[in-house]
Amino acid sequence: MAGFEVYELIAAVLILGGALLVLLSAVSMLRAKDALQMMNVFSPATGMGLPLVVIGIFVHLTGRDGFEWWTLLMAAVTICALVIVSSLASNTLARATYQSGAPLDPATHPQDLADAGTGRQESAESAESGEPAEGTGRAATDD
């Protein structure tokens, strides 16, 4: 058996730390009350957990095979793609979830889509009160 290498310990800590963040996010999703909260509690996994795993793999490959620019480039592109795609996807999924009429926890604040006049909750509130809905966001125009 070969001797213990420091890079193995560093890689293991990074990979296990990232995996722990993903696990904790997944467990906390079980406690979320609506779809928007589920997506919010998964943010640590996509923002820190997966990049930590990628960095851990980079450290392991660099320690085992030596430094290579190609490996660094692949790790950097992967981390950038994870951060960009996860933020765009969560924004799109949150908007789609809200506009689909999925039930929301009443404690979810702020509800910018309802305030902007594009959400279903504002029209429901105005229908109950008999008053026209007022939005604080962009005004809808008929062009």
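Note that this is a predicted model, so its numbers are computed, not measured.
Not a single side-chain contact (heavy atoms from CB on, under 4.5 Å) links L16 to another residue, sequence neighbours left out. By the side chain to side chain donor-acceptor pair (under 3.5 Å) test, D34 is found to be paired with T108, residues two or more places apart in sequence or in another chain being considered. Under the side-chain contact (heavy atoms from CB on, under 4.5 Å) criterion, S90 pairs with no residue at all, not counting sequence neighbours. For the side-chain contact (heavy atoms from CB on, under 4.5 Å) test, residues two or more places apart in sequence or in another chain that qualify with M74 are W70.
Counting Ile, Leu, Val, Met, Phe, Trp and Tyr side chains that sit under 4.5 Å apart, directly or through other members, L20 shares a hydrophobic cluster with L24. Cluster partners of I84 are L88, counting Ile, Leu, Val, Met, Phe, Trp and Tyr whose side-chain heavy atoms approach within less than 4.5 Å, directly or via other members.
Interatomic distance, N91 CG to S86 OG, rounded to the nearest 0.5 Å: 11.0 Å. Going from atom CD1 of I15 over to atom CG of L52 covers 10.0 Å, rounded to the nearest 0.5 Å.
Under the 4.5 Å side-chain heavy-atom criterion for Ile, Leu, Val, Met, Phe, Trp and Tyr, L21 and M29 are members of distinct hydrophobic clusters. The cluster map of Ile, Leu, Val, Met, Phe, Trp and Tyr, joined by side-chain heavy atoms under 4.5 Å apart, puts I10 and Y7 in the same cluster. In terms of hydrophobic clustering, with Ile, Leu, Val, Met, Phe, Trp and Tyr side chains grouped at heavy-atom distances under 4.5 Å, L14 and L82 are assigned to a common cluster. I55 and I57 fall into different hydrophobic clusters, where Ile, Leu, Val, Met, Phe, Trp and Tyr are joined by side-chain heavy atoms under 4.5 Å apart, directly or via other members. Follow the hydrophobic side-chain contacts under 4.5 Å out from V22 and you never reach V83; the two are in separate clusters.
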Would you give me the side-chain donor-acceptor pairs under 3.5 Å for residues 37-48, sequence neighbours excluded?
| residue | atom | partner | partner atom | Å |
| --- | --- | --- | --- | --- |
| Q37 | OE1 | K33 | N | 2.9 |
| Q37 | NE2 | D105 | OD2 | 3.3 |
| S43 | OG | N40 | O | 3.1 |
| T46 | OG1 | S43 | O | 3.3 |

Identify each donor-acceptor pair in which a side-chain atom of residues 59-68 lies under 3.5 Å from a protein atom, sequence neighbours left out, and give them as a table.
| residue | atom | partner | partner atom | Å |
| --- | --- | --- | --- | --- |
| T62 | OG1 | F58 | O | 2.8 |

